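All figures in this text were calculated on a predicted structure; none of them were measured in a lab. Scope of the values below: all heavy atoms of this structure, side chains included, with no hydrogens, waters or symmetry mates. Reminder, nothing fancy here: chain letters follow the sequence lines and each chain counts from 1.
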Number of protein chains: 2
Amino acid sequence: MARQESNTRTAILDAAGRLFYAEGIRAVSVDAVAAAAGVTKRTLYYHFTSKDELIAEYLQSRDQPNLNLFRKWFDAEAGGAADKVHAIFAHVAAASRHPKWKGCGFLRTAAELANMPGHPAIAIGAAHKRKFEDWLAGELESRSVLEPKRLARQIQVLLDGAFATTLINRNSDYVLAAGDAARSLVAQLEPGPSGS
Amino acid sequence: MARQESNTRTAILDAAGRLFYAEGIRAVSVDAVAAAAGVTKRTLYYHFTSKDELIAEYLQSRDQPNLNLFRKWFDAEAGGAADKVHAIFAHVAAASRHPKWKGCGFLRTAAELANMPGHPAIAIGAAHKRKFEDWLAGELESRSVLEPKRLARQIQVLLDGAFATTLINRNSDYVLAAGDAARSLVAQLEPGPSGS
DNA sequence: GTCTATAAGCCGATAGAC
DNA sequence: GTCTATCGGCTTATAGAC
């Protein structure tokens with residue numbers, strides 16, 4: 001079966017993503033990934049040169065899907081920019097109540113690899129966060145919100161804080177608190193009746 | 001030397017703290033901690049029953065020192081509550097520029113142990129964050145800032161977001177952005193000329 | 001209380017057959 | 001492209017001497 005190549009590769013990447021997110025990068029062995037994918041370790045090493053490459057590709061595979069979720073939540077919410085931003089946090093809060101929730105894979109991976117600042121996976125995480133920030137700044141700007149870049153950066157830090165706190169406090173109260181804060185910050189700079 | 005007991009224990013805990021913070025919980029072996037403390041592994045296991053206990057005690061040993069830092073930075077800043085809160089972030093930003101900076105040990109440990117929600121170390125992290133939140137709420141309330149509890153929680157999430165982003169973005173811009181956001185949120189609720 | 005020595009198994013990665 | 005088999009080293013934790 002010469003053309004099964006990409007199927008096998010995808011199966012390995014899917015298994016890696018599931019396990020890395022559920023248990024953490026260093027807690028999951030290459031053996032475990034191979035077993036979950038239904039291949040031998042030797043096959044895994046045929047498709048990926050190292051565990052580090054597997055980690056990097058796992059995060060890369062989550063980049064667009066995650067961004068699309070944020071866009072969907074933002075677009076689906078009626079109302080002004082403040083309410084749309086708040087909706088993102090409300091949806092994250094709901095997701096955080098799911099039993100399989102384990103926070104943000106990008107942040108958790110960066111935390112695990114804090115002693116390897118040059119690791120490719122961290123650069124992929126940085127690019128992901130940057131894309132979110134840039135997208136949000138564009139949305140705010142097109143709605144004539146003041147200081148869109150500064151505000152988008154503040155909201156991103158707030159969202160990362162929300163992700164981080166879910167790992168310490170099981171309930172979603174802190175995510176909702178972050179959402180309230182984000183809405184306040186946007187409302188201060190939003191045009192219209194409640195603006196300046 | 002019957003009374004060297006607590007010295008040895010302290011040496012082990014110091015070494016553990018240094019290594020766990022610098023390289024991460026799972027990246028550091030018990031062998032490495034024992035070697036750094038200048039004792040054998042058997043001695044380490046005489047003083048601590050397991051690596052998990054060592055992890056928990058490492059975080060416990062950081063609880064009060066970290067809280068004292070926050071208090072010191074807050075108290076040393078002249079001006080109103082908004083400026084005092086901002087000062088905490090400014091000092092964290094400065095600390096994050098140090099080459100040995102690796103973020104918040106409590107959050108990084110929680111991220112590494114995300115697959116073990118009942119781990120004692122996570123409870124210690126939760127208690128630490130809660131103490132910070134309660135202390136800050138008290139400071140805000142005594143300065144007649146409105147909704148002190150809600151605000152303290154928002155600021156804590158912002159601070160955790162600042163910690164988290166330093167692991168992805170090397171520079172301290174995001175910490176400063178968080179500090180600006182925190183100051184804005186306090187200023188909105190602070191009494192006086194700029195208040196309602 | 002601290003030591004030497006070791007258990008028993010898992011780690012990432014590779015050799016070579018087919 | 002996938003397999004079986006294995007390397008050398010590291011993992012947490014323990015046995016037993018002193």
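At whole-Å resolution of the value, CG in A/Leu44 and P in C/dA13 are 10 Å apart. With rounding to whole Å, B/Asp31 atom CG is found 17 Å from C/dC10 atom P. The CD-P distance, from A/Glu23 to C/dC11, rounds to 11 Å in whole Å. Look at OH on A/Tyr45: it is 17 Å from P on D/dC7, rounded to the nearest Å. What separates CZ of B/Arg42 from C1' of C/dC3 is a distance of 10 Å, to the nearest Å. Straight-line distance from the CG atom of B/Leu54 to the P atom of D/dT12: 11 Å, rounded to whole Å. Atom P of nucleotide C/dG1 and atom CZ of B/Phe48 are separated by 13 Å, given to the nearest angstrom. Rounded to a whole Å, the NE2 atom of B/His47 is 19 Å from the P atom of D/dT12.
The aromatic rings of A/His128 and A/Phe70 sit tilted, their planes meeting at an angle between 30° and 60°. Ring pair A/Phe20/A/Tyr58 is tilted by interplanar angle, where 30° to 60° counts as tilted.
Qualifying ring pair (Phe, Tyr, Trp, His ring centres under 6.0 Å) partners for B/Tyr174, counting only residues two or more places apart in sequence or in other chains: none.
Among the nucleotides D/dG1, D/dT6, D/dT4, the one closest to any side-chain atom of A/Tyr46 is D/dG1. The side chain of B/Lys51 sits closest to D/dT12 out of C/dT4, C/dC11, D/dT12. Each of D/dT2, C/dT6, C/dT2 was ranked by its minimum atom distance to the side chain of A/Thr43; first place goes to D/dT2. Set against C/dC3, D/dA13, C/dG12, the side chain of A/Ser29 has C/dG12 as its closest nucleotide.
With a 6.0 Å radius and a threshold of 12 heavy atoms from other residues, nucleotides or ligands, B/Arg97 has its CZ atom above the threshold.
The phosphate of C/dG1 (OP1 or OP2) has no side-chain N or O of B/Thr8 nearer than 4.0 angstrom.
Considering all non-hydrogen atoms of both residues, B/Ala182 and B/Leu158 come closest at N-CD2, 3.6 Å.
A/Val33 comes within contact range of no nucleotide atom at all, as no heavy-atom separation falls under 4.0 Å.
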